[in-house]
Protein chains: 2
Amino acid sequence: MELTNRKKRILRAVVEIYIATAEPVGSKAVAQQAGLDISSATIRNEMADLTEMGYLEQPHTSAGRVPSTMGYRLYVNELMGEHRLTMQETQRINDALNLKMEELDRVIDRAGKVLSQISDYPVFTAAAPKKRVTVKRYDLLMVEENAFIAVVMTDNSVVKNKLLRMPDQVSDPQLQMLSTVLNSSFVGLTLEEMEDALDQMETRSAPGAFRLISLVVQFAMEVLNEQASQNVHTLGITHLLEHPEYKNLDKAKPLMNYLAEENEASKLPVTLENGQNMNILIGPENVNEALKDTSVVMASYDIGDNMRGVIGVVGPTRMDYAKVTARLSYFADSLTRMFGKGELPPGDAGEDGSEKD
Amino acid sequence: MELTNRKKRILRAVVEIYIATAEPVGSKAVAQQAGLDISSATIRNEMADLTEMGYLEQPHTSAGRVPSTMGYRLYVNELMGEHRLTMQETQRINDALNLKMEELDRVIDRAGKVLSQISDYPVFTAAAPKKRVTVKRYDLLMVEENAFIAVVMTDNSVVKNKLLRMPDQVSDPQLQMLSTVLNSSFVGLTLEEMEDALDQMETRSAPGAFRLISLVVQFAMEVLNEQASQNVHTLGITHLLEHPEYKNLDKAKPLMNYLAEENEASKLPVTLENGQNMNILIGPENVNEALKDTSVVMASYDIGDNMRGVIGVVGPTRMDYAKVTARLSYFADSLTRMFGKGELPPGDAGEDGSEKD
DNA sequence: ATTAGCACTCATTCTCCCTGAGTGCTAAAT
DNA sequence: ATTTAGCACTCAGGGAGAATGAGTGCTAAT
């Protein structure tokens, strides 16, 4: 059987009505809104064909039709219209992003929150881990005789600090020395290399000096570790409850728990095929059991020259794909514009590389 | 009518059975478990009395009894038995807290998560704002010719840094100068005082120098602002869904939204009367509308010498108060032991005052 | 003072029936 | 050869009663 143009238009109408109403769609409803001047009987025939072809499904004999995964897929790939953002929405997004140049993760968090609000679905964000982060430089600042601040800057311009406290006293010259050693021997190394370097140092250093060094290096290693780990956050989980498919708590609970558990959420499909910067996974296309009846729309954005972040929306398969993709891609573009290219973004108050996590 | 000892024992039994079952409690059930050898008829009489006195309520004529707010109050104040933590539980708590000496807010976050898990209720945490935080010292670290790192340390030992970027070039001596100015004129001031000082400086400084100063001071002000703001987090909201009172979504939604919205949550009753370090608010004792049918159990813990944090559990009025208070007070004590007294906690890797928020 | 017994109440559950949206098929109309 | 009107049929969802049973309050006996 051939998928005529008219069939496509009908399929599109079914998907859109279903997205709007969450109820199986009958032939009459399609006849009214599809815009094609055709009687419901004809549409019934066409819909029967579409069902046979696998694009539609029937929950039970006397009910309307519901798009199948295949139907959604076709809709997303070919039929979906461009959705325009209203002025109000772009305004809202821009407000959220421009508010103030803050730390990267805060901006993303806020972006996620706004995205979740305007889309009414939960949102997850993930900064794709950077493979080889290294420390670019160390600074040590004396505070009291037995405490100092270690400032560590990585090659992706993240700066972190920690107040370190010692049992023994430390003098200013000692700190100078320490700083020299760190900046010569523990710079440009990956996490593993640092570990090795530290081990080696242990054997051929005075124990006192080594304690100091190891204190700072350990902190540096924590920082690198943090940078290397996939850090997935989910926001706005409660939006799920607003959608009829989750009015049954037994449906909602597993998914909510899945999203709420951070370690679980980290299994979200936060990777994108090479080159792709937008991806839609529909229902069973998700590998994970908990996401069986759930669609995930995600987009990537650039951070600096060689990092990528992923931001995505999670919702029922009956999700307003057009709306969501429009918003999502606008977000991703905006974020890329903010963080992509050139080490760090411009901004009145300068930039902040700290506390990225 | 007098509240005899027997009446109290019956009330206690009713509360505990109701806590366990979430169903109105009948005389028969009480007779079985109360341990007093008394027939259900007698208990019926006593329960009738308790109802008249206001400690119990009857949802409808032919239903069992449910504790009233007054009943819970009495239970919590007088009748509630000590609940012992199992070895396993203390172990779990200790694991969570001792894992590694990290930043304060992470430890608290983790503590909250575990508390939420072992109590099955949402948890909120709040570091009570410190009134007068001031900057103790500034450090500036040159990075490139048009970028430097500002490190700000407050008098409550919080250290924050930010990478600042400039349109103009800055020289090392210039930075030195800047640092001197900052450390002499912008130290020991509160947020408002700093604003004033900055205004004054503007009139009588060279514009170029002022831009630099204002950049750093603005950052310092952000840090102070962050310290001064009540920062409430909520964790484990989804646990609500596990309790029968929220199986009706219309009940669950407002509360979940209330807890999820951070600005809303900040209105949580996170204050404790002077001297108190544990407080229970039962149902209507909560001022807030959204918490009308909800109880809040909270405890405070010390951070350093002059800060207090609050950690609390939110749940239905039918909440296992004994269990929750036991866990909560153990947590609060542990946290106090970790962070209380003496500026910062001991720990193998030293301590961290950074990123406290 | 306590308890057994009994009539009564009422939320909950189940059953059965009805309604109406929607279908598929057939026959007429274009 | 399509398209459409008409009609019989299906079946989920909803509402009305009836049955159930947990629980009560009261009375009379212990």
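Residue numbers begin at 1 in each chain, while the letters A, B, ... track the order of the sequences. Keep in mind that the numbers below use all heavy atoms, side chains included, and drop hydrogens, waters and symmetry copies. This one's a predicted model, so the numbers in the text were calculated from it and none came from an experiment.
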Chemist: For the pair made of CG in A:Asp37 and P in C:dT30, what is the distance, rounded to whole Å?
Modeler: 16 Å
Chemist: Any N/O pairs under 3.5 Å between the protein and nucleotides 18-24 of chain D? List them or say none.
Modeler:
unit_1, atom_1, unit_2, atom_2, d
D:dT24, OP1, B:Arg65, NH1, 3.4
D:dT24, OP2, B:Ser27, N, 3.2
D:dT24, OP2, B:Ser27, OG, 2.8

Chemist: Separation of B:Ile43 atom CD1 from D:dG25 atom C1', in whole Å?
Modeler: 16 Å
Chemist: Between A:Lys251 and A:Glu245, does at least one N-O distance fall below 4.0 Å, as a salt bridge requires?
Modeler: no
Chemist: Would you call the rings of B:Tyr121 and B:His243 parallel, tilted or perpendicular, where under 30° means parallel and over 60° means perpendicular?
Modeler: parallel
Chemist: Check whether any side-chain N or O of A:Arg65 sits under 3.5 Å from a backbone N or O of A:Gln58 as a donor-acceptor pair, and report yes or no.
Modeler: no
Chemist: Report yes if a side-chain nitrogen or oxygen of B:Ser39 is closer than 4.0 Å to either non-bridging phosphate oxygen (OP1 or OP2) of C:dT3; otherwise report no.
Modeler: yes
Chemist: Can you tell me the distance, in whole Å, between the CG atom of B:Asn45 and the P atom of C:dT3?
Modeler: 10 Å
Chemist: Here's a test of your reading of the structure: between B:Thr42 and B:Pro59, which maps to the more 5' nucleotide of DNA chain C?
Modeler: B:Thr42
Chemist: State whether a side-chain donor-acceptor pair under 3.5 Å links A:Glu16 with A:Tyr75.
Modeler: yes
Chemist: Between C1' on D:dA1 and CZ on A:Arg6, what's the gap in Å once rounded to a whole number?
Modeler: 12 Å
Chemist: Compute whether any side-chain donor of one residue and acceptor of the other, for A:Tyr321 and A:Ser295, lie under 3.5 angstrom apart.
Modeler: yes
Chemist: Measure NE2/A:His60 against P/C:dG24 and give the value in whole Å, please.
Modeler: 12 Å
Chemist: Let me confirm one number: the CG-CG distance from B:Leu249 to A:Leu241, rounded to the nearest 0.5 Å.
Modeler: 5.5 Å
Chemist: To the nearest Å, give me how far apart CD (A:Glu46) and C1' (D:dT4) are.
Modeler: 13 Å
Chemist: Measure from NZ on A:Lys7 to P on D:dT2 and round the result to the nearest Å.
Modeler: 10 Å
Chemist: Select one nucleotide: of D:dT4, C:dT3, D:dG25, the one nearest the side-chain heavy atoms of A:Ala41.
Modeler: D:dT4
